[in-house]
Amino acid sequence: MKFSSIHFIGCGALLCAGAAVAQDVAKVSPGTSKVLVENQYVRVIQATFKPGAKEGVHTHPAAWYYVTKPGKLKVSYTNGKVEMWVPKNGESAWMDGEEAHSAENVGTTVLQYLMVEVKSAPTKTPN
């Protein structure tokens with residue numbers, strides 16, 4: 001999942017300043033992102049986008065996602081790149097950390113997915 005043109009230099013400077021600091025999607029967009037589990041190893045987020053729902057600018061660490069309700073999401077990066085993500089029900093994949101972006105459900109159905117963000121994980125050593 002890969003999560004807009006800027007017409008005023010002042011707005012561009014503000015966006016760049018915000019992009020330099022990682023924005024937590026659960027804090028930026030509590031209306032779409034619900035933390036289900038969090039510990040020192042992972043954080044599991046349920047993202048639910050009703051038609052027209054938007055998320056503010058945020059980033060993601062490396063994660064695995066699983067789509068529970070398909071839909072159509074417009075992902076706008078702070079560098080101006082725009083992508084459409086149209087996942088299928090049951091789609092899942094690993095994703096590397098993502099740069100700053102915002103998202104909007106431009107479809108007509110609720111889009112929902114689970115995301116397991118990786119913080120760290122212990123490594124067992126042979127006995």
Donor-acceptor check, side chain of T32 to backbone of S29, threshold 3.5 angstrom: yes or no?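 A pair under 3.5 Å: yes.
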
Hey, is the main chain of A53 close enough, under 3.5 Å, to the side chain of N105 for a donor-acceptor pair?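 Side chain of N105 to backbone of A53, a donor-acceptor pair under 3.5 Å: no, none is there.
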
A side-chain contact here means heavy atoms from C-beta on lying under 4.5 Å apart; do [X] and [Y] qualify?
{"X": "H58", "Y": "D24", "value": "no"}
{"X": "L114", "Y": "L36", "value": "yes"}
{"X": "V82", "Y": "K74", "value": "yes"}
{"X": "T108", "Y": "P51", "value": "no"}

Could you tell me whether K81 and E83 make a salt bridge, using a distance below 4.0 angstrom between a side-chain N and a carboxylate O?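 Judged by the 4.0 Å cut-off on N to carboxylate O distance, K81 and E83 do form a salt bridge.
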
Common cluster, [X]/[Y], ILVMFWY with side-chain heavy-atom separation under 4.5 Å:
{"X": "W94", "Y": "I45", "value": "no"}
{"X": "V28", "Y": "M115", "value": "no"}
{"X": "V118", "Y": "V44", "value": "yes"}

If you count the non-hydrogen atoms of other residues, nucleotides and ligands that lie under 6.0 Å from NZ in K119, is the total more than 12?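 Yes, NZ of K119 has more than 12 neighbouring heavy atoms, counting only those of other groups under 6.0 Å.
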
Which distance, rounded to the nearest 0.5 Å, do you find between the [atom1] of [X] and the [atom2] of [Y]?
{"X": "E99", "Y": "N79", "atom1": "CD", "atom2": "CG", "answer": "5.0 Å"}
{"X": "K34", "Y": "Q46", "atom1": "NZ", "atom2": "CD", "answer": "6.0 Å"}
{"X": "T78", "Y": "Q23", "atom1": "OG1", "atom2": "CD", "answer": "10.5 Å"}

Working note: V42 + E117, criterion side-chain contact (heavy atoms from CB on, under 4.5 Å); need CA distance, chi angles, decisive distance, verdict. CA-CA 5 Å; V42 298; E117 298 177 334; over 6 Å; no

Contact summary for [X] and [Y], nearest pair of heavy atoms:
{"X": "K50", "Y": "V110", "value": "CA-CG2, 4.2 Å"}
{"X": "M95", "Y": "P61", "value": "CE-O, 4.4 Å"}
{"X": "V67", "Y": "P87", "value": "CG2-CB, 3.6 Å"}
{"X": "K72", "Y": "L111", "value": "N-CD1, 3.7 Å"}
{"X": "A26", "Y": "S33", "value": "CA-CB, 4.1 Å"}

Do the rings of W64 and Y66 sit parallel, tilted or perpendicular, given the 30° and 60° boundaries?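 Judged by the thresholds at 30° and 60°, the geometry between W64 and Y66 is parallel.
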
Applying side-chain contact (heavy atoms from CB on, under 4.5 Å), run through Y65 and V116 and close with a yes or a no. CA-CA 6 Å; Y65 69 87; V116 181; over 6 Å; no

Ring centre gap for W85 and Y113 strictly below 6.0 Å: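 Between W85 and Y113, the centre distance is under 6.0 Å.
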
The test is side-chain contact (heavy atoms from CB on, under 4.5 Å); show your working for H101 and V57 and say whether it passes. CA-CA 5 Å; H101 63 279; V57 175; over 6 Å; no

Polar side chain donor-acceptor pair, S102 to E55, under 3.5 angstrom: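 No, E55 and S102 have no side-chain donor paired with an acceptor closer than 3.5 Å.
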
For the pair T48 and Q112, evaluate side-chain hydrogen bond (donor to acceptor under 3.5 Å, both in side chains) and give the outcome as yes or no after the intermediate values. CA-CA 4 Å; T48 305; Q112 186 176 68; 2.7 Å; yes

